Amino acid sequence: MKRLKLTYIFKLLKPTKYKENILKENIIETTKHRKEIVRRLKEGKFKLTTADFPDFKLSSAVKNQNIWDVKHLYKNFKKSKSKKENIDFKPNQPLGFSNQCYKIQDNFIALSLYDKKSKRIYFPIETKNKRFKEFQENRDNLKLGKMSIYNKKGNWYAALSVTVKDEKTEATNSMGIDIGLRQLAVISIMNEEGKEINRKFFSGNESGYIRRKYKALRRELGQAKKLKKIKEISNKEQNYIRDKNHKISHKIVELAVQGEVGMIIMENLKNIRNRVKSIKQPDRNINSWTFYQLQNFIEYKAKKEGIKVKYISPKYTSQKCSKCGQVEKKNRKKNLYLCECGNRIHSDLNAARNIASA
Ligand SMILES: [Zn+2]
């Protein structure tokens, strides 16, 4: 993942004379301090701490940052093989603060500065600034770095380095869903390398029982021509299915979110007849309706989570071997898919895997 570095420049509201003098004095002292650090580095003293500079009228925050910055500059100066005798510091050195040593509260910056002793001093930021608004809006997504305070043409500025934090890892796994009767749904979650990282069966046993129960009831009532009662029972069955489909789709999308799924793949079930050809005509309608409903529920719940949904042709999903890719109709015997490559697997899981990798 790419990490983006940015610098925000905030203009400060004109400080009071008192605060401005503190800034100016700290800058004069910083320039002296930086020169002294170079002098010691030239002597080969690299292990410098704030304690090595007790006489400088600077907060330890600024001293620390000076040591850090000057070491860095000195290293580059050495590398550059400059003909200059020494690094030169102009008198307008910025005041540097590590991210531990300043605070941005609302529209104030709190800095540790030296005024007879170290103390925390607040400077208001010019909030009309577009960049500052942008910073406040994005703040949760930014890692704050160093802040430099400097003067340019009489105005005071804070330059803030930030790193934009990594975006939430992009979901790149895919989930294949096989929908049916014996198993209402079988899911397979695949990672980018095509490895299955999760799977789940949603059994159709209970639904099958309910379906048969209502079917028998309807038949009895049909013979007795109790049409009103038949309608009541159908509504009850539909409510049961609807409730079941809500529960399953909820669980499936939950698993998709947990499995960092970016794409859910299902079969386009327009040719549903192939799948349930063993079922008599009046029941087919009920089944295709329940399948569509389950797919619709999954689709809208997935989209709410930002997961894409695509539909593929169901043509070979149940005949193809999910391991070697061979398409062989006779490999599938009811619940078992058995291929000569050695793949021996539940036939609906085999289909779900094929769908996931489609
Ligand atoms: Zn195979």
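Note that the coordinates shown come from a computational prediction; the quantities given were computed from them, not determined experimentally. Residue numbers start at 1 and run along the sequence shown. Counting starts at 1 for both ligands and their atoms, following the listed order.
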Q) Under 4.5 Å between side-chain heavy atoms, hopping through other hydrophobics if needed: is there a path connecting Ile22 to Tyr122? A) no
Q) Under the criterion side chain to side chain contact (heavy atoms under 4.5 Å, CB included), which of Arg218, Lys213, Lys215 is the partner of Glu237? A) Arg218
Compile the donor-acceptor pairs under 3.5 Å between side chains in residues 148-161 and protein atoms, sequence neighbours left out, one pair per line.
{"unit_1": "Asn151", "atom_1": "OD1", "unit_2": "Gly154", "atom_2": "N", "d": "3.1"}
{"unit_1": "Trp156", "atom_1": "NE1", "unit_2": "Glu20", "atom_2": "OE2", "d": "2.7"}

Q: With sequence neighbours left out, write down each residue that passes side chain to side chain contact (heavy atoms under 4.5 Å, CB included) with Lys308, or none if nothing qualifies.
A: Met263
Q | salt bridge (Lys or Arg N to Asp or Glu O under 4.0 Å) partner of Glu36, the single match among Arg39, Lys32, Arg34 | A | Arg39
(Q) Closer than 2.8 Å to the Zn ion (ligand 1), what protein N/O/S atoms do you find? (A) Cys321 SG, Cys324 SG, Cys339 SG, Cys341 SG
(Q) So, using salt bridge (charged side-chain N to carboxylate O under 4.0 Å, His left out) as the criterion, who are the partners of Lys35 when residues are at least two apart? (A) none
